[in-house]
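Please read the structure below before turning to the comments.
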Amino acid sequence: MAKTTKLARAPNRVRIIGGEYRGRILRFPASVQLRPTPDRVRETIFNWLGQDLTGRTCLDLFAGSGALGFEAASRNAADVVMVEQDRNTFAALQENQRLLGAGRTQLVNRNAIEFLGKEARRYDVIFLDPPYDFGKTEELFTHLPAILAVGGMVYREGPRFLAESGQWVSYRQAKAGAVHYQLLQYNHA
């Protein structure tokens, strides 16, 4: 019986799997919109990106549980900006930031499209894991080249792979259950 209770609480927690905060637990509110990136997928992503992100700037555009952004900070990213629109989820991110002592993270409580319209910094890695029912993926991708550093990567997670189009090229991709994830590069030339 205790095992069932433990499993029932598991969706509101995720564990950081590498780096300085390895093994630390992130807690977040229950919501059908929050789908933390599974451990196995995060392990693959950070194998693709490299285990050490020293010197890189990262943007976690739909931060949600914070799993991707805090994982990047844990792996020595120079700066991690995490954007989350939902106030309750944002409050949980603030608490997790405080508990971790994650000084290299900056939290922004704003809509992703609005954030992109005003952002001037460039990022080496952009994590893009919107809710599956998010209907503005194409609009997001029109804004990304302006803030993606030359040679930078966009990690995208969704219900299916994003087809290569125009100057976006899929560098790597994989599938885990219903999760389709890929690293994309933009040809700035």
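- A distance-only check finds no donor-acceptor pair linking the side chain of Gln106 to the backbone of Val81 [under 3.5 Å].
- When side chains are defined from C-beta on, Phe141 counts as touching Arg156, because their heavy atoms get closer than 4.5 Å.
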- Can you check side chain to side chain contact (heavy atoms under 4.5 Å, CB included) on Leu100 and Phe70, steps first, answer last? CA-CA 9 Å; Leu100 292 172; Phe70 287 125; 3.7 Å; yes
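- Atoms CD and CD, on Glu84 and Gln94 in that order, are 11.0 Å from each other to the nearest 0.5 Å.
- At least one side-chain heavy atom of Leu116 sits less than 4.5 Å from a side-chain heavy atom of Leu144.
- For the pair Leu93/Phe28, no side-chain contact is recorded, criterion being any heavy-atom separation below 4.5 Å from C-beta on.
- A salt bridge is defined here as a Lys NZ or Arg NE, NH1 or NH2 lying under 4.0 Å from an Asp or Glu carboxylate O, and Arg121 with Glu119 meets this definition.
- Between the side chain of Thr89 and the backbone N or O of Gly64, no donor-acceptor pair lies under 3.5 Å.
- In this structure a side-chain-to-backbone donor-acceptor pair under 3.5 Å is present from Thr44 to Arg40.
- Of the possible donor and acceptor atoms, one in the side chain of Gln97 sits under 3.5 Å from a partner among the backbone N and O of Thr105.
- Note: the hydrophobic cluster containing Tyr181 does not contain Ile17 (ILVMFWY, side chain heavy atoms under 4.5 Å, direct or indirect links).
- At least one donor-acceptor pair closer than 3.5 Å links the side chain of Gln167 to the backbone N or O of Asn187.
- Ionic pairing of Glu95 and Arg98 is present here: one or more N-O contacts between side-chain nitrogen and carboxylate oxygen are shorter than 4.0 angstrom.
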- I would like to know whether Arg13 and Leu26 meet side chain to side chain contact (heavy atoms under 4.5 Å, CB included); could you show each step before the answer? CA-CA 6 Å; Arg13 298 177 182 197; Leu26 303 173; over 6 Å; no
- Task: Please step through side chain to side chain donor-acceptor pair (under 3.5 Å) for the pair Arg75 and Gln51, ending with a clear verdict.
- Result: CA-CA 7 Å; Arg75 295 165 186 264; Gln51 295 295 319; 2.3 Å; yes
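- Contact record, Val80 with Ala72: CG2-CB, 4.2 Å, taken as the closest heavy-atom pair.
- Ring geometry, Phe161 versus His180: the interplanar angle exceeds 60°, so the pair is classed perpendicular (tilted spans 30 to 60°).
- A distance of 11.5 Å separates CZ in Arg56 from CG in Asn76, rounded to the nearest 0.5 Å.
- Put simply, the side chain of Arg42 gets close to the backbone of Thr37: a donor and an acceptor are under 3.5 Å apart.
- The backbone N or O of Gly158 sits nowhere less than 3.5 Å from a side-chain atom of Asp129 that would complete a donor-acceptor pair.
- Closest of all the heavy-atom pairs between Ser65 and Val14 is OG-CG1, 4.1 Å.
- Side-chain N or O atoms of Thr142 include one that pairs as donor or acceptor with a backbone N or O of Glu139 at under 3.5 Å.
- A single hydrophobic cluster is seen to contain both Ile126 and Ile113, as judged by linkage of ILVMFWY side chains at heavy-atom distances under 4.5 Å, directly or through other members.
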Sequence neighbours excluded and cut-off under 3.5 Å, please list the side-chain donor-acceptor pairs for residues 145-154, or say none.
none

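- For the atom pair CD (Glu157) and CZ (Phe62), the distance works out to 12.5 Å, reported to the nearest 0.5 Å.
- Counting heavy atoms from C-beta outward, Phe115 and Leu59 have side chains that approach closer than 4.5 Å.
- We find the CZ-CG distance between Arg27 and Asn12 to be 10.0 Å, quoted to the nearest 0.5 Å.
- Separation of atoms CG (Leu49) and SG (Cys58) is listed at 8.0 Å; rounding is to 0.5 Å.
- Remark: the backbone N or O of Thr57 is paired with a side-chain donor or acceptor of Asp124 at under 3.5 angstrom.
- More than 12 heavy atoms of other residues, nucleotides or ligands lie within 6.0 Å of CZ in Arg122, so this atom counts as buried by the packing criterion.
- The side-chain heavy atoms of Gln85 and Glu114, taken from C-beta on, include no pair separated by under 4.5 Å.
- Formation of a donor-acceptor pair under 3.5 Å by the Gln182 side chain with backbone atoms of Leu162 is found in this model.
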- Query: Please walk me through it: do Tyr171 and Leu184 pass side chain to side chain contact (heavy atoms under 4.5 Å, CB included)?
  - Reply: CA-CA 5 Å; Tyr171 176 71; Leu184 299 156; over 6 Å; no
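- Salt-bridge check for Glu71 with Arg24: failed, with every basic side-chain N at 4.0 Å or more from each acidic carboxylate O.
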- Query: Should Phe90 and Leu107 be marked as a side chain to side chain contact (heavy atoms under 4.5 Å, CB included) after you check the CA-CA gap, both sets of side-chain angles, and the distance that decides it?
  - Reply: CA-CA 8 Å; Phe90 185 76; Leu107 305 178; 3.5 Å; yes
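- Taking CG of Leu68 as the start and CZ of Phe46 as the end, the distance is 6.0 Å to the nearest 0.5 Å.
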